[in-house]
Amino acid sequence: MILQDRMVVQSQQQIAQDIFEMKLTGNLVGEITSPGQFVHIRVADSFEPLLRRPISIAAIDQAAKEMTIIYRAEGRGTKVLSEKRSGDTVDVLGPLGNGFPVDEAMPGETVVLVGGGIGVPPLYELSKQLTAKGVTCIHVLGFQTETVVFYEEQFMQLGETYIATVDSTRGTAGFVTDVLQTVDANFSMYFSCGPMLMLQAVQQMYPNKKGYLSFEERMGCGIGACFACVCQTTENSSKDYVKVCSDGPVFPAGVVAL
Amino acid sequence: MILQDRMVVQSQQQIAQDIFEMKLTGNLVGEITSPGQFVHIRVADSFEPLLRRPISIAAIDQAAKEMTIIYRAEGRGTKVLSEKRSGDTVDVLGPLGNGFPVDEAMPGETVVLVGGGIGVPPLYELSKQLTAKGVTCIHVLGFQTETVVFYEEQFMQLGETYIATVDSTRGTAGFVTDVLQTVDANFSMYFSCGPMLMLQAVQQMYPNKKGYLSFEERMGCGIGACFACVCQTTENSSKDYVKVCSDGPVFPAGVVAL
Amino acid sequence: MNRLAIELPGLQLKNPIMPASGCFGFGKEYGRLYDLSKLGAIMIKATTLETRFGNPTPRVAETPAGMLNAIGLQNPGLTGVMENELPWLEQFDVPIIANVAGTETEDYVEVAKVISTAPNVHALELNISCPNVKAGGITFGTDPEIAKELTSAVKAVSKVPVYVKLSPNVTNVTEIAKAVEAGGADGITMINTLVGMRLDEKTGRPVIANGTGGLSGPAVKPVAIRMVYEVYKAVNIPIIGMGGVSEVTDVIDFLSAGASAVAVGTANFVNPFVCPTIIDQLPAKLDELGVNHISELIGRSHRL
Amino acid sequence: MNRLAIELPGLQLKNPIMPASGCFGFGKEYGRLYDLSKLGAIMIKATTLETRFGNPTPRVAETPAGMLNAIGLQNPGLTGVMENELPWLEQFDVPIIANVAGTETEDYVEVAKVISTAPNVHALELNISCPNVKAGGITFGTDPEIAKELTSAVKAVSKVPVYVKLSPNVTNVTEIAKAVEAGGADGITMINTLVGMRLDEKTGRPVIANGTGGLSGPAVKPVAIRMVYEVYKAVNIPIIGMGGVSEVTDVIDFLSAGASAVAVGTANFVNPFVCPTIIDQLPAKLDELGVNHISELIGRSHRL
Ligand SMILES: Cc1cc2nc3c(=O)[nH]c(=O)nc-3n(C[C@H](O)[C@H](O)[C@H](O)COP(=O)(O)OP(=O)(O)OC[C@H]3O[C@@H](n4cnc5c(N)ncnc54)[C@H](O)[C@@H]3O)c2cc1C
Ligand SMILES: Cc1cc2nc3c(=O)[nH]c(=O)nc-3n(C[C@H](O)[C@H](O)[C@H](O)COP(=O)(O)OP(=O)(O)OC[C@H]3O[C@@H](n4cnc5c(N)ncnc54)[C@H](O)[C@@H]3O)c2cc1C
Ligand SMILES: Cc1cc2nc3c(=O)[nH]c(=O)nc-3n(C[C@H](O)[C@H](O)[C@H](O)COP(=O)(O)O)c2cc1C
Ligand SMILES: Cc1cc2nc3c(=O)[nH]c(=O)nc-3n(C[C@H](O)[C@H](O)[C@H](O)COP(=O)(O)O)c2cc1C
Ligand code: FES
Ligand code: FES
């Protein structure tokens, strides 16, 4: 069920340049069903900024009713969010959308998780759940530059982790696809979240693999009512269009027209 | 000189129903020249609420570079202000306007200070400065009801203090004028700040006394440029109109058309 | 007695609060969050004769205290709405106001004729003011003569009362209001969005793929209130007011200016429970204002 | 080379930033806060033939991300401005744009004739769009024919280039823009305020004594950008853009949409140092955008 929850900030920490990690507690956590779902955050009670901000759920601790989000404070709204301190409350709507299908990967299989920039966060909870059930995860994470790399260690604890930076300041020089060239193609499926161009490249690289892509689109309502976040589908799709917020944000590769 | 100062909140305390006392430090304090001046406060960096809020300076501590403001948190802006905690900063423009002329009262004289509601705060610093120079101050303070009475003790420490409440829950039943009927008319001048109707009544009551009234008007700029806060003057005035923000907020009785 | 009940042509409203067209889809999504029977009415998303996909994305952009949208009237078309959307809404005890849009007069007439026969459609809202479609839409809303003719044409075929939705992008809104009244409109809904634009700061490119979009939200409320105030003085048919309503006090403002009911648009995105919340807060607000029945507030700004 | 210099009819601007008319008085107050020579230009408060006291108070009201004002063109009249205000401004190295208002064409002509002879007045801004006066003002700005005639009449007597200030309260702003261009305008300034209203929540009474007021501030920026964008395509004379400018990125947006310079109104009240702050931030912003001279940004949204 979707809740509008006044969640309590447990911690707020800057973990890379402009990148913040925030832990929040509330009943909403109990409703989360899959990694890759997101929340829609009202950063202030003011009318400016007005709209909620969609942010992925990066980690869940059901026992503590706690979830982690990781976001880049760049625009007006996320900057306000980054000023919250522990003890403050935040108006959170969620969980929203359909996440990655953890059930699709079987114990013993190897899968690849490909993340770019602020597309990396949802892959963390995904990897936690996959590795917990015995799936081997290879993480390929792309960033602009060294200073914005985050969660490298956390991912390493879950499995093989490769970093790529566009300006070659860390890990492989270039894009996630440059790393993927070197990854043994003997995996059963891939999961990816990041900028559109990256999703396109990844999907193109593995035309015959099962894959799940998480999309971003500007949102109004976040629940499927306003038709802001609509994407055109490919001919193979049964629907004429999909809404990223309620049909997605995760879609099987090949559904959304790229 | 008028400064735009990022002042630091030293303390914030609720002292009556919806009434807050806030202490702020900054260089602006060094520029304050008289009690009754005010500051223009931007309560948030957001565009909503947009305009600054004019609030009187209620007390000054030059040594600590600290000033006190006392305000009612009722509308959107003052509510946001009331959520500031010590350590936060606030964008303050000031000191603005011309305050009460402390020099006009001579040591040994008795004067009456008449305040109503949120017009009471500036009278506190005024009384402190007057009593410090040996002027005897009688304070007549009117409030709606008992729960919104504030600073009674502080005023009592400076001189005789009478409270009136409209609903007769505290002190004299009725208005400040009901108290004034009972005050020995043998004083040299009066100083007043409060709602327009109160200022009118007080001025009418003492047509032959020297008096100084502090006015309120909706403001834009707060510094005299936008013509938002203009008041019509009486025939006896040398000017056609006055601006509350820069010519006032304090005017000798008889200048502003009531 | 229900202190919040309002009666308007075709509409027995248990309260004067309804979601605005395009901000509530066809109810399904919000229906998962609360009981839609709580609402005074529902203005469903614009229905056109044919299925429309709408404009390319991005379709929305945030602005100071507002937002721009250029959805472009995406909807499943008349048949889709008649077959899938309206029947689903029948389970709720709530009158539906069907927002009708088109490119030609004939489109409006065709949609109106059919959709007004749906059992739960109690009124139509003619969208002559959508700024986000290349043809039709707003052009019908800026010329009084054309607005009047369209209103008459639709009135001639509609089985239910017809409200006309006015555009704020005009020099003289009362002129259009009077024209649609003369054309036989049973009521007016206003305002639709103001045409606006946001540019990407880095590239200078419009953020909205369509270029311009419709401005809504708290930012436009002062314009909406002014226009409702003016139109109330100019016509004798009721007004459903909207534009920036986010809180219970906004409802009071619109009623005071002359609206008989109020629609909530953008605020649904900010607070999905805004409509039921406002409805719950209204009785206490009436007490505070010393008003027995909410209808006493309608047009009170004109009686001071 | 000065990367910020812009040349416009009558105006050698060292940078494209100037305070908007009515938001800066005649400069004295802000002149106490910083050196006015820093500004690209100053648009002084509207000057009318006779002294005007203006409207009763309250004259301003806050709205979401905006404000309403109904000052009512209070000013010391032509003689007062010529004798007391303009001479004082001569001490600064800054061109003055004199905002001219009136009730009849003759008023405009009379004021223009005299004020354009002041040594530091380098251009006039015809205020045909003030929504806050009962007669004149906005009526000149909503009818293209009248706007054109007024422009011609003023052009005939003015010693300096004439800019015409457009109202956003029109169905078709390009029509008016083309009309004043045809009337001989040397440039356009836009936008003036949108007509709006705020009601007191308790009483229902308009907060502004005048009833309606002009809406300005960040809330109106999307409308202003859209109109500048449209007018840039329609005319061949330069535009000075305004409406909600508060930050350096807003300036970039207006230039991108087609403005050659930018005026800052309401933001002066929020941050009295906003103009010099923006001016100081512009060079770094140009670097960030990879632009050598600010003029390269003018109209870039149209060249994508
Ligand atoms: C399903 C989903 C999950 C996301 N998860 C994350 C995450 O975990 N961490 C993270 O840092 N970011 C995430 N994003 C992107 C994030 O929503 C934007 O970075 C953020 O909304 C920008 O807000 P702002 O206040 O910084 O920028 P502003 O420029 O002030 O934003 C203005 C408006 O544009 C919207 N907007 C701007 N950029 C984007 C974008 N890339 N996608 C969608 N809307 C945008 C904002 O929501 C807002 O409505 C996600 C987006 C989606 C759709
Ligand atoms: C010179 C001066 C000194 C003042 N000193 C004090 C003080 O020491 N303590 C105190 O509590 N109040 C004081 N006030 C009144 C105070 O400015 C208002 O109560 C406050 O601005 C209301 O803001 P809000 O956010 O609560 O209300 P909102 O309703 O959100 O305000 C909306 C707009 O109206 C303006 N406004 C509303 N009420 C008033 C008012 N009475 N006077 C002027 N503008 C108003 C606001 O500034 C704002 O621009 C003073 C006013 C003036 C002019
Ligand atoms: C995303 C969105 C979609 C809209 N779609 C429609 C529509 O289909 N038909 C219509 O008449 N109005 C439409 N509108 C306008 C609203 O119904 C309403 O008139 C306007 O948004 C002002 O109200 P608000 O400020 O409460 O949003 C839409 C508005 C938004 C924000
Ligand atoms: C208090 C105030 C007074 C104004 N007075 C005038 C005026 O005298 N003449 C004029 O042409 N415009 C006047 N304006 C309009 C501004 O010059 C400007 O066009 C408008 O406010 C939009 O810009 P902004 O959003 O930056 O304020 C006034 C605006 C305000 C807020
Ligand atoms: S954001 Fe409203 S439908 Fe997806
Ligand atoms: S508030 Fe602007 S002149 Fe007084």
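Source: prediction; values computed, not measured. Residue numbers begin at 1 in each chain, while the letters A, B, ... track the order of the sequences.
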(request) Heavy atoms only: give me the nearest P222(D)-L68(C) pair and the separation to one decimal. (result) CB-CD2, 4.2 Å
(message) At under 4.5 Å between heavy atoms, what parts of residues 249-257 of chain D are in contact with chain C? List them by residue number.
(response) T249(D), I252(D), D253(D), S256(D), A257(D)
(request) Keeping the roles fixed (side chain from R300(D), backbone from T203(C)), state whether a donor-acceptor pair exists under 3.5 Å. (result) yes
(message) Would you compute the distance between atom CZ of R226(C) and atom CG of N169(D) and round it to the nearest 0.5 angstrom?
(response) 5.5 Å
(request) Please say which of T142(C), N172(C), T171(C) ends up in a side chain to side chain donor-acceptor pair (under 3.5 Å) with T171(D). (result) T171(C)
(request) Calculate, to the nearest 0.5 Å, the distance between atoms CD and OG1 belonging to E230(C) and T212(D) respectively. (result) 7.5 Å
(message) I'd like to know which of K202(C), H302(C), R198(C) tops the heavy-atom pair count under 4.5 Å against chain D.
(response) K202(C)
(request) Identify the heavy atoms of A219(C) and L215(D) that sit nearest to each other, and give their distance. (result) O-CD2, 4.0 Å
(request) Starting at CD of E201(D), measure out to CD of E288(C) and round the result to the nearest 0.5 Å. (result) 9.5 Å
(message) How long is the straight-line distance from CD1 of I225(D) back to OG1 of T63(C), given to the nearest 0.5 Å?
(response) 11.5 Å
